[in-house]
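Report on one structure; see the data block that follows.
Just so you know, these numbers come straight off a predicted model, no measurement behind them. Just so we're on the same page: letters track the sequence lines, and every chain starts at 1.
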Amino acid sequence: MLGLGTLARKIFGTPNDRKVKSVRSLVARINDLEPEFQALSDEGIKQKTAEFQRRVQEGGESLDDLLPEAFANCREGARRALGLRAFDVQLMGGIFLHQGNIAEMKTGEGKTLVATFPAYLNALAGKGVHVVTVNDYLAKRDAEWMGKVYAQLGLATGVVYPFQSDEEKKAAYAADITYATNNELGFDYLRDNMKASKEEMRQRGHFFAIVDEVDSILIDEARTPLIISGPSQDRSDLYTKVDKLIPELVEEHYKLDEKTRNVTFTEEGNEFLEKRLLETGLLPEGQSLYDPESTTIVHHVNQGLRAHKLFNRDQQYIVRDDEIMLIDEFTGRMMRGRRLSDGLHQAIEAKEGVSIQPENVTLASVTFQNYFRLYEKLGGMTGTAATEAEEFMEIYGLGVVEVPTNRPVARADEHDAVYRTAREKHDGIVASIKDAHERGQPILVGTTSIDKSEALSDLLKSAGIPHNVLNARQHEQEAQIVADAGKLGAVTIATNMAGRGTDIQLGGNVEMKVMQALAADPAAHPDEVRARIEAEHAEEKERVKEAGGLFVLGTERHESRRIDNQLRGRSGRQGDPGRSAFFLSLEDDLMRIFGSDRLDKVLSTLGMKEGEAIVHPWVNKSLEKAQAKVEARNFDIRKQLLKFDDVMNDQRKAIFSQRLEIMETEDLSEIAQDMRYQVIDDLIDQHMPPRSYADQWDIEGMHRAVQDKLGLDAPLAKWAQEEGVDQDVVRERLCEASDRQMTEKAEAFGPETMRSIEKQILLQTIDAKWREHLLTLEHLRSVVGFRGYAQRDPLSEYKTEAFALFESMLNSLRQDVTQKLAQVRPLSEEEQQAMMRQFLDQQRAAAAAEAPVAPAPQPAAAAPQPTPELVGAEAGEPDPAAWGNVARNDPCPCGSGLKYKHCHGRLD
Amino acid sequence: MTDANGAPAEAAPQIRMQVLAQYVRDMSFENMVAQKGLQGGDVQPDIQVQVSLDARKRSVEHQYEVITKFKVTSKNKSGSAETLFLLELDYGGIFHVENVPEDQLHPFLLIECPRLLFPFVRRIISDVTRDGGFPPLNVDTVDFLALYRMELARRAEAQKAAQPVQ
């Protein structure tokens, strides 16, 4: 039965066929050039590379024009370096990648080699090409393997992996072609944008990236943000001190609202606290809780109160292994690794007397989506992308082209078998596995989760079928299990993600077998062992092929067709025979939630018998529709999130480029001056509104602001009384005065020091402001959804607000920079010493805080010679052996929060 | 307060001292005999008393808080030397002290004031030990002057020892 569409496709070919056809002529040209390059010497090939580089970088030839020659050269280089001659389809894949497409190539088609062609071609431009892999092992392996090809061609290869030194990383990025994982690239990008000077940056721009397993990186992990966070200042001490005060509070000191889970101090509470804080010295003499300097204290006190009154042990959290573990309110499960933000967790830690972990603040973050969109050109390879083509196009502007396989796929994809209940399905699965196992056909069973894989494993055990389980729990044996999965009659249960990136070879993996045989019998001659095993292997492989190749059995359909196709793709590689089938039931999540009700009705009216499965193309279609629905929904979610992300992304780009500019610029005095003038303008607008008279001006406020922001003691009152003085005159005079002040400073410091001070202050302030801004945006985003209730589009609201926030950030950035610059002054020698002392004290205090040693032990004395402690006498020599005279009722210096007599001072 | 500026008083200022308050500031009594069920009847106790002092200015003028800290440890003299009881007592008083010359204020606070507080401390220790089921402990009178001198000497010594290092 041919539909109209099918008919049309038969005649005109699919759009994909047309794309494939269009590059055939290019491939033909490369093939024509082959003899010419084969004739070149090794040296000649390198010279060709140099020649191409000249032509691109100096002659201005486009890479497209150079493609046939470069590909021919690369093919020859690969043949000599690895002994692999690229097939035409591989060249095709390379061309698609170069054109900025995603090349969909089935497993086992040699994607790693395909990447070398566009990488080589684009590296000729001298701007660096990044080849992105999913894990460090693959990055290193590919870099080493393909590095031989590039070396043959005269190009340098670099590989980036975690924990490299700065120099190594820089060298790797400076290479013509760099292999790296997506994580490392993203993190290096973030780290680069926290550097203080351009020389320290590692990446040198984003020209072209080839992403392997592009679907997993750009779709599955697209939303994973890369976050660099750092501990904020350590305030454990403050938490503990504040914590001691809280139990002193009585009921009238605070108001507890259990409904909204909120607790606030009352007037009495505030007064009481202020008094206690002053007494304990937490609040400096003469400072009140309401002073702006007390913000931190107030914050800590509030969090301490919440920790005590809103969070109860064994209700909201439990204490385990010196850690506070939160409990999920609804499920009652522990939420390992989850921490409350804003210092609340620390306050609870202080309350329970466990060690206080430092707070973390986000320093920088980027999502993969946004990172990869930085590249001028992007190419991707994967086995399964066609179903997600729309998303790739819309978000990354990447087309998807299915590259034909070198040999036709000989895998038989059976229709789905649908059962009524899960139990019947499982019986069907076990029966099917048993059948295939008895015929000697290797079986790979795909499950959706670790739980399910283990449940199935139990079923097989009771059916007496030997099998292996491959899930995230068996990391070490993973390679071994995958290697064995193709052996005669092997049964392997796998979760979807396990073992990705490694091929299942029919008859098992020869290399593995050889290694095992050698390990078992070290005395044997390697070559003999190899010959024997290869012969055995060939025979086993034949028998597996006769049994029908690898049988892939899916136990459930995933939400996305792509994942199902990945599972199917494990079988039938490089023209091998194979079979795939999915066993489903109406109780599967997907069917239950997204399947149409009709299906259930149809099945029941058909009068399905127990244990019977329905197999029909219509069912497949219905299922695929359900999957497409889910895919579209997930895509919508991602798209929506991306739109929100875009706002932050634009701002990030603006800030990062500003940073780069500042790092590159030698003399920032002009920028600083501009900022200063802007601040002066703002101050004047604020205190002396335009078109107002001198007697309406807020001279006093202006004077204070000028002193605060510009560090100038300007005689504003006098100026205001002068005849003919308006805003412009004031502005002029202030600008002049501040310029003079800065020139004097520059002289005092020396121009060079001044420039570097300006640069540092600018960068530091930008970084600090940006961090704050990130946090604010995060908060904004979590609440902006409520605007939807007010019939407003959350996205556009978010955009407007984020923009306003960005502006106010820039404003306060200007103010801060100006203020800081106005306040810097050269230190006198005394002050330098004082600073040094202070620094040393802090260091010592930090060191002391690390070791639980309390100061002030006094030598013990017997009754006849009691030792007095004199006024103001505080600390003796710290004695680690004993805590000295800790009073019995005092809290134990170990920090447990218990009284000393009930803790370390306990008498036994 | 104007009395300090009175003309005739200036020549020979009358020292004024007054106890404004006195109190137990902190107390801990651990009765190990009772807690661990030891036989306390016929043991020979070895009693040690440690005294330390602290004084600080209060926010009100001429007012000082002086704290005497007593730590009484009683151990079994014979045998395993386990602790019988451990008593800690911080006893404080608030004093109004006026017209004491600056250089004498320090000894005054640490000698005269504790001397006034001591009898009360003695009574409390006696009562608490008795209430704990022990024979009442009457602490020997403490010579606060000697104590002060000793501490001064100790400090001078410490300073001397510290100097060559610097």
Task: Residues of residues 19-31 of chain B contacting chain A, heavy-atom criterion under 4.5 Å, by residue number - done: D26(B), M27(B), S28(B), F29(B), E30(B)
Open item on the list: Out of the candidates H308(A), Q303(A), Q346(A), H300(A), only one should pair with D243(A) under the side chain to side chain donor-acceptor pair (under 3.5 Å) rule; please name it.
Closed with: H308(A)
- [ ] Under the salt bridge (Lys or Arg N to Asp or Glu O under 4.0 Å) rule, collect the residues that match up with D131(B), sequence neighbours excluded.
- [x] none
TODO: Quick one: list whatever passes salt bridge (Lys or Arg N to Asp or Glu O under 4.0 Å) with E252(A), sequence neighbours left out.
DONE: none
TODO: Could you verify whether a donor N or O on one side chain and an acceptor N or O on the other, from H253(A) and E251(A), lie under 3.5 Å apart?
DONE: no
- [ ] Run the salt-bridge test on D890(A) and R888(A) with the 4.0 Å N-O cut-off and return the result as yes or no.
- [x] no
- [ ] List for me each residue that meets ring pair (Phe, Tyr, Trp, His ring centres under 6.0 Å) alongside Y317(A), sequence neighbours excluded, and say none if there are none.
- [x] none
